Amino acid sequence: MDKIKLKIDGREIQTEKGKTVLEAALENGIDIPVFCYHPCLKSIGACRICLVEIASPRGDQIVPWPKLAVSCATAATEGMEVQTHSEKVVKARQGVLEFILANHPLDCPTCDKGGECPLQDTTFKYGLDFSRFEERKRRFITDENSTFDDLQIGPEVIRNQNRCIHCYRCTRLVQERFFEQDLGHYQRGAFTEILPPPGGEIRNLYSGNVVEYCPVGALTNRDWRYKVRVWKTEEIPTICRYCSDGCNLHVSVFRNKIYRIQANTNWSIDEGLPCDIGRYGYQFAHHDDRLTRPMIRKDDELVECSWNEALTVIKNKIDQTVKSLGSSGVACLVGESLSNEDYYTIGRFFRSVIGTNSIDHRIYRKKKLSFGEDVVKRELCWNKLDIADLEKADQFFILGSDLHAENPITALRVLKAKRFSDARIMLLNPRPTHLNRAADEEHIYSAYSEVFLLQGLVRLIVEKKMYDPDKANIKDDEAKAFLKETADFDFKTVSEKTGIAPVDLETIARSLCEAENTIFISGENVRIHYQRDPILISLYNLAKLTGNLNGDASGILMLGGESNSKGCYLFGMRPDRLPYDKPFEQAEELKSSWGEIATDKPGYDTIDILQKINDEKIECGFLLGLDAADHYPDSEYINNTLSKLDFMVVADLFLTDTARLADVVLPISSHFESDGTFVNWEGVLQKFSKSIKNIGESMPLWEIFSKLSTMFDADFNFKTADDIFRHFAPMLGQESVSRMAAIPKDGLRSEKKIDYPDLGLMAVKYRKPSHEDLPLTALSGNGDHHFSRNFSTRCESLNNFLADPYIAINDKLAEDMTISEGDLIKLENSSGKIVAKALIWQNLPEDVVFVPDNFIEVKVSMIRSKDNDIDKVKMVKM
Amino acid sequence: MFKVLKEVFIAIPVGLYTTLKNFFRKPVTIQYPRIKTPMYPRYRGLHFLERYDHDGAERCVCCGLCAAACPADCIYMEGAENEKGERYAKIYEINELRCIFCGYCEEACPEEAIFLGKEYEFSSDHRDKFIYTKEDLLVPWPRKKPSPIKFIRKTKRPDVY
């Protein structure tokens, strides 16, 4: 990048060519007030507050410009001399402010922005202390009964147009960055109004950001409205507990209660634009359903008891089980959104104190997958790229992923690449997803035909020799052998099986080969797919063929999962792995601090654990931070299995369906109530801090197991989360970080990135799925503004977006069965049935129904069966 | 000897003269609580919250500036929205035991809502009774006597700001 030199306020400054004067000044700590400028957006120079005095060289002389210039829209050039606080500039800013305040009401005492308002601050600094304006101010009367002309324009956004200064940050943000159309400006001049389209409301997934980005109080938040003043709250950094992107957030706490969440900008992850789920998803912490005391089963009923009583019962039962069945009689299943400290303590307790290796987190699987030991090796699981690398890509191949709902912030980067560097987005999904608003191509393939699609594409590229042989590194005989092996995947069959026209298949193949950097993204649909390994191998083939395997801006990403899915894996929540992903052979190091660990054979994974419970080989089960009855894709089977357990301990925030079956229920505290760390999908370790006191008598899991360890004469002596962090810090491989406080603000990035090994072209086999003979395929995913079950549906604000469960069906199907929107319909198969309101989606394939799996009332696991690969259902109108 | 005589015949009558002089003067003490001294106009006593004259709506908008200005941190409030879309104080409490009666709250108030009155007789036998809630502090409506305050702002309409 070319560097240029300029002088700002007499200071020599070096900056990159192409940057504006404002950016050059802000980078160097020179303060220029701004309203309409934001680093996330393109400059438009609407507010005129950033005026500066500029002189630039012409020949030998430095000539002052005739007029003041807006620094946000003036490019910095070599030799420029800029005055940011000269008398002329200050006077001009005063004038601009006077014009803005001519119409801006001085209702700061009632305005929620008061105290954190850029206009207030700038007026305090530059403005006059009196007003020369005596006329009446502009008013946008919305309701005769309302005093302040407020208008609710979305479930969580309230607009007061009187206060608007027309910086257009909100509409630019929505249109430029979010690719949404639900906020725009109408009319002209001083009477420009910010409104959603007629009859609509602002309800996109990132709508909360417009409130935060508004430099005045024109857009305010319904949830935070009038409750607390900003200067009374304490801002505590935290990490989002929902998806695996790991947004940094700020919690506003006043008197031990969380009042709101705002962005805590981390430029390498969220860019200060978290989604609404993270923003409003804190309300579960103060929900009435929170468990506050441990419970114990007495005479078939759960009754509250003391911690001592509960832990003593657990200790006695463990002893009893170990005596009768050996240590393998104890097993543990964990959820994916606990902290690393929890996982480390859980791992140490079960492996060293009890001596069992049966710990697992992969409850979402129906059948065993060989993934992790097989051909593609575990390297594929390590997403090599960072979120920021997505900006550099030219093309995205998104397969089986509702990226918008599963990883909203990754989706935002994809959109950024589209907006700023014109990247192509190719969406391939079994159902329409909301990212299609920005997609160049969207193909809906028949459900569960991914193997055909991918292998077909690979074969097409090999057959027509579209690939670049240098980049792909493939020999001719290898290609020939591959073609021979995959003879079933010819063009016609693939097109027939996937339902994608041959022309489209060829376009996809061609654009994959033409683009320089393609990123392959697979999501939740692939993660839970019955043939996940073949899909990933085919993706690997595709990436290898198109030369995108190990680039700086190309590769394969496997997304989906929850906030700490990766931490779960890294900290040994698997039967065959020790913390920090160490195999059993490397246990020596750990033994020095943990004592004796059983490393002779791996434990059981989820499927085996459930089987062993049925065989009565496991009698004591722990379910930690996990609603197994809801997460396991066969509710009948898991309920029957769990009720066979002699003794079951459930630790959760709420009394979930699983907890109702338990013998002991332990209340655990949320991540707001404890220090800890999460690892996001990039592998960045980030810390969150305790923001409120524990609710009731709840405790974080690490504290519970630390207490339990003292009963087993193996005192862990973990008093704080930092004690645990110090224990595992040496394993992180970064010497400078030995305690939690030393984790950098942007998170701890692991240095080592493993290149995918070259494994050659690998042909995969399609296995016909087993299913019932019913007409419709049931797909599930996240509903609008929801993520994970027990948490987002307990947040009032998120329920304002979507409160009721629904079943989405195709319009033709609805017509045939005379179903109109809102009618109750029933999905039924041999495993069970669910009933919900019908919602009609036009471009949903005819043989597919979609059910959001976030709602407690409608459980998708009811219509799933572990014996079938695909869940087929029939639909009945109620 | 001479010294003693001097005390008896000169010093005692001089002292008694002062006594006699004050004996016939009007007393400076008053018969509190039957009689009370008039307060100075700037005396700062117990707080009260004012109302709008035309409709009796409370003036306080719960902006929190009084609490922010308070050096003793004795004001607590929680805001909410009423049916007219106005901000009001759902909870407004002053701990009069903590209060130092500096009058900063009165000075900070942008809505002419809080004032320090002349009331000083609010002793009690219990500490909890010194936490004055909004109901205790608001002037009664309809007013029993005209407000001692001359208001600058007469309505809540936003176009006159």
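For the numbers below, each heavy atom of this structure counts, side chains included, while hydrogens, waters and symmetry mates do not. Here is how names work: the chains are called A, B, and so on, in the same order as the sequence lines, proteins then strands, and each is numbered from 1. Here the structure is a predicted model, which means the values were calculated and not measured.
Contact annotation: the side chain of B:L65 approaches that of A:W231 to within less than 4.5 Å [non-hydrogen atoms, C-beta and beyond]. Within the 4.5 Å cutoff, the side chain of A:K232 has heavy atoms near those of the B:M77 side chain.
In this structure, chain B has no heavy atom under 4.5 Å from any part of A:R138. Only the backbone of A:N145 has a heavy atom closer than 4.5 Å to any heavy atom of chain B.
A:R229 contributes a side-chain N or O that, together with a main-chain N or O of B:C63, makes up a donor-acceptor pair within less than 3.5 Å.
Atom OH of B:Y40 has 12 or fewer heavy atoms from other residues, nucleotides or ligands within 6.0 Å. Annotation for B:E121: atom CD counts as buried by contact number, over 12 foreign heavy atoms lying within 6.0 Å. Within 6.0 Å of atom CZ in B:F122, more than 12 heavy atoms from other residues, nucleotides or ligands are found, so the atom counts as buried in its surroundings. Environment of OH in B:Y104: sparse, with no more than 12 heavy atoms of neighbouring residues, nucleotides or ligands closer than 6.0 Å. Taking a 6.0 Å sphere around NZ of A:K257, one finds it holds more than 12 heavy atoms contributed by other residues, nucleotides or ligands.
Nearest heavy atoms, A:P109 versus B:V61: CB-CG2, 3.9 Å.
Relative to the ring axis of A:F148, B:R87 does not place its NZ or CZ within 45° and under 6.0 Å from the centre.
Ranked by heavy-atom pairs under 4.5 Å with chain A, the list B:K84, B:E83, B:K90, B:E78 is led by B:K84.
By the 4.0 Å N-to-carboxylate-O rule, B:E81 lies close enough to A:R225 to be salt-bridged with it.
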